[in-house]
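The structure appears below as structure tokens.
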Amino acid sequence: MKVLKTLRHSFSVKGWRVLDESDETGNRYVAGVDVAGGWRGKVTTTRAEGSGPVDALTKAMRQELEKWYPAVAQLRLDTFSVTAIDVVAHDTAAHVRVTVSFHAGGTRRGPTAGVSSDLNQAALMAIVDGFHYWLLITRVGMKARTRALTRIKTDRSTDQNKT
């Protein structure tokens, strides 16, 4: 849908920053993530902390999207994996593919992926696509339920008119 330009963008990420710190003993802290996003024409900045950059990015996205799409609150990161692509040819400049999947209400949604030479960029791409996918299927599901309820009401009123 993205390639065909038929994907309705509910939001976009205008910019992002990850602050990743650790101490001399190797304890790692992600102090926060700033995500500047465009939500229905408004640009906002959200800051979130997490146990790693992917967790912090996901929390920041969810925190902002919940304001516009309350159902996003139930969406949770389920799996996260990283695969190095063409390491032999590019050594440390190799690209990585990050794959994430989410679950909500006991239902696991399909995986989304991002590819970049920057791990955090690839993760953000996968997370953004995951939220877009979830909003898309949720919206489609809501429309289908609305049509079904309308059909049921119409059938009932038709049956009542016959009697």
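Atoms NE2 and CG, from His132 and Leu65 in turn, are 8.0 Å apart once rounded to the nearest 0.5 Å. In this structure, CZ in Arg62 is found 9.5 Å from CD1 in Ile127, a value given to the nearest 0.5 Å. Atom CG of Asp129 is separated from atom CG of Leu136 by 11.5 Å, given to the nearest 0.5 angstrom. Atom-to-atom distance recorded for Phe102:CZ and Leu77:CG is 5.0 Å, nearest 0.5 angstrom. To the nearest 0.5 angstrom, Tyr69 atom OH is 13.5 Å from Leu75 atom CG. Note: Arg97 CZ to Ile85 CD1 = 4.5 Å, rounded to the nearest 0.5 Å.
Within the 4.5 Å cutoff, the side chain of Asn120 has no heavy atoms near those of the Leu124 side chain. Within the 4.5 Å cutoff, the side chain of Val13 has heavy atoms near those of the Met61 side chain.
Closest approach of Thr79 to Ser101, counting heavy atoms only: OG1-OG, 2.5 Å. Here the closest heavy-atom approach between residue Ala73 and residue Glu66 is recorded as CA-OE2, 3.3 Å. Shortest non-hydrogen contact noted between Ala123 and Val54 is CB-CG2, 3.7 Å. Across every non-hydrogen atom of Ala48 and Gln63, the tightest pair is CB-OE1, 3.9 Å.
For Thr99 (side chain) and Ala113 (main-chain N/O), no donor-acceptor pair under 3.5 Å exists by modelled atom type.
A search for side chain to side chain donor-acceptor pair (under 3.5 Å) contacts involving Asp55 returns Ser51, Lys59, not counting sequence neighbours.
Between the side chains of Glu64 and Thr46, a donor-acceptor pair is found at a separation under 3.5 Å.
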